[in-house]
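Shown next, in structure tokens, is the structure this report addresses.
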Protein chains: 2
Amino acid sequence: MTPGARRVLAAASRLFYERGIHAVGVDLIASEAGVTKKTLYDRFGSKDQIVVEYLAARDERWRAFVAERLARVEPGSADRVLAVFDASRDWMAESSPKGCSMVKAHAEISDASHPAYEIIIGQKQWMLTLFTDLVREYAAPRADELARTLMILHEGALVAHGLGIFPDPAGHARDRAAELLAASC
Amino acid sequence: MTPGARRVLAAASRLFYERGIHAVGVDLIASEAGVTKKTLYDRFGSKDQIVVEYLAARDERWRAFVAERLARVEPGSADRVLAVFDASRDWMAESSPKGCSMVKAHAEISDASHPAYEIIIGQKQWMLTLFTDLVREYAAPRADELARTLMILHEGALVAHGLGIFPDPAGHARDRAAELLAASC
DNA sequence: GTTCCACTATACCGATCTGTATAGTGGAAC
DNA sequence: GTTCCACTATACAGATCGGTATAGTGGAAC
């Protein structure tokens with residue numbers, strides 16, 4: 001990726017997350033990136049493509065972030081699940097004050113044929129599979145059911161964080177997950 | 001409200017929810033309502049005002065829906081909390097296949113000074129207060145903590161429903177809420 | 001020293017955006 | 001029978017939308 005393209009993607013990512021995808025135009029993105037529209041279209045071809053690369057990059061960074069946190073914890077321990085919740089809390093504190101970018105994008109992209117759709121759904125399916133794998137690893141009974149509960153707790157914490165109704169929902173969800181895991185050993 | 005205004009609000013509500021607020025223009029709303037733009041602006045004054053009335057009406061309907069369900073259950077019972085989860089499941093099945101309209105609107109409205117903002121936050125605060133009142137009524141220990149857990153479970157179920165990753169997340173959340181209430185008696 | 005190539009600068013396209021202006025119609029109220 | 005009023009019809013304003021066209025610049029590669 002060229003320096004100009006990197007600046008375009010960085011500016012678009014910030015603007016899409018802060019103001020919404022439909023609310024941000026390509027002229028603004030180019031201007032904020034310090035680039036002409038010609039460069040923007042030479043590199044990405046369309047606004048939709050910038051949206052796709054914004055979500056794909058964020059998805060990739062999140063998965064790497066989680067993988068790095070999981071690598072610190074011994075497999076087979078219930079702490080592995082808690083490490084995911086801890087990762088979410090840190091991730092939100094540092095780069096997601098307004099909630100999950102995938103959920104926000106899902107609210108704006110109605111058409112399931114949009115190329116960004118599969119990225120959004122793909123990340124959520126990956127999270128459910130991850131929870132399922134982690135509780136199976138931990139040898140919990142009724143693993144699928146437990147994984148779905150963890151998924152609901154996790155998504156709920158993300159949304160509650162974005163709404164700002166009460167402080168530290170991710171920490172709260174983590175503590176509830178810990179109790180669940182302790183009870184189902 | 002005049003017949004024309006009612007049709008405008010009905011069309012706008014459907015379109016805003018299905019396609020997103022920024023993605024829907026006033027020309028489309030007027031056309032779908034079978035009304036001229038003149039009528040639309042005579043009745044509402046601005047698109048923002050239509051957005052506000054869309055969310056306010058939906059909020060009002062939701063609160064009335066919950067109140068009606070709660071009225072069926074004897075106060076002081078843990079079943080009152082479960083009635084809220086049941087209400088959500090039915091509400092989503094009949095009119096919210098894509099998730100909570102407030103969460104969707106929150107994803108598109110970045111500015112906290114937007115007149116719709118307080119409606120969105122207001123509904124979520126009302127839900128947290130409702131859960132708190134219901135568990136206090138039930139005489140549960142650590143009521144505030146329990147209410148926040150229920151809030152997270154509830155928001156998580158709404159989002160999971162919209163994403164469609166697994167079936168009946170509201171029913172799943174309801175069952176987990178029932179276990180929590182049984183354990184904290 | 002010519003060929004790439006990432007880039008700037010600027011002007012433009014047709015479409016759509018929110019919002020307004022002017023003129024007129026049909027029916028109920030009083 | 002005139003006064004309201006909710007409404008239609010149409011045209012337009014100024015801005016912004018996503019996207020394209022033409023022309024040119026500066027530096028590294030070979």
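Side chains are part of it too, since the values below use all heavy atoms of this structure and drop only hydrogens, waters and symmetry mates. Per chain, numbering begins at 1; letters A, B, ... match sequence-line order.
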Once rounded to the nearest 0.5 Å, what's the spacing between atom CD of Q123(B) and atom CG of D59(B)?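 The distance works out to 4.5 Å.
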Give the first and the last nucleotide of DNA chain C, reading 5' to 3', that has any atom under 4.0 Å from a heavy atom of chain A.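 Counting from the 5' end, contacts occupy dA6(C) to dA9(C).
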Between L150(A) and V84(A), is any pair of side-chain heavy atoms under 4.5 Å apart?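 Of all side-chain heavy-atom pairs linking V84(A) with L150(A), none is under 4.5 Å.
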When you compare the side chain of Y117(A) with that of S110(A), does any pair of heavy atoms fall below 4.5 Å?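 Result no, sub-4.5 Å side-chain heavy-atom pair not found.
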Taking NZ, NE, NH1 and NH2 as the nitrogens, is one of them in K104(A) or E108(A) under 4.0 Å from a carboxylate oxygen of the other?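 Salt bridge: no.
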Work out which heavy atom in I50(B) is nearest to a heavy atom in L9(B); give both atom names and the distance.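 Heavy atoms of I50(B) and L9(B) come nearest at O-CD1, 4.1 Å.
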At a heavy-atom distance below 4.0 Å, what parts of residues 19-30 of chain B sit against DNA chain C?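 Going residue by residue through residues 19-30 of chain B, the ones with a heavy atom under 4.0 Å of DNA chain C turn out to be V24(B), G25(B), V26(B), D27(B).
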Of the residues in residues 35-51 of chain B, which ones touch DNA chain C at a heavy-atom distance under 4.0 Å?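 Here the set is K37(B), K38(B), Y41(B), S46(B), K47(B).
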Suppose we screen for ring-ring contact (aromatic ring centres under 6.0 Å, His included). Which residues come up paired with F16(A), at least two apart in sequence or across chains?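 Partners of F16(A) under the ring-ring contact (aromatic ring centres under 6.0 Å, His included) test: Y54(A).
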Is there a donor-acceptor pair closer than 3.5 Å between any side-chain N or O of S31(A) and the backbone N or O of D27(A)?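 Pair absent, no side-chain N/O of S31(A) close to backbone of D27(A).
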Classify the ring geometry between H154(A) and F85(A) as parallel (under 30°), tilted (30 to 60°) or perpendicular (over 60°).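 Geometry flag for F85(A) against H154(A): perpendicular rings.
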Secondary structure of DNA chain C per the Watson-Crick/G-U criterion (both distances under 3.5 Å; [ ] crossing, | other strand, . unpaired) is ||||||||||||||||||||||||||||||
Could you tell me whether the side chains of S113(B) and D111(B) share a donor-acceptor contact shorter than 3.5 Å?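 Their side chains do contain a donor-acceptor pair, which is all the 3.5 Å distance test asks for.
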Decide whether R58(B) and S96(B) meet the rule of one side-chain donor and one side-chain acceptor closer than 3.5 Å.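 Their side chains do contain a donor-acceptor pair, which is all the 3.5 Å distance test asks for.
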Residue pairs involving residues 142-164 of chain B (criterion salt bridge (charged side-chain N to carboxylate O under 4.0 Å, His left out); sequence neighbours excluded):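 Applying salt bridge (charged side-chain N to carboxylate O under 4.0 Å, His left out) to every pair that reaches into residues 142-164 of chain B, excluding sequence neighbours, yields R176(A)-E145(B), K124(B)-E155(B), R136(B)-D144(B), R142(B)-E145(B).
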Do K98(B) and Y17(B) meet the cation-pi criteria used here (NZ or CZ under 6.0 Å from the six-membered ring centre, within 45° of the axis)?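 Not satisfied by the 6.0 Å and 45° rule.
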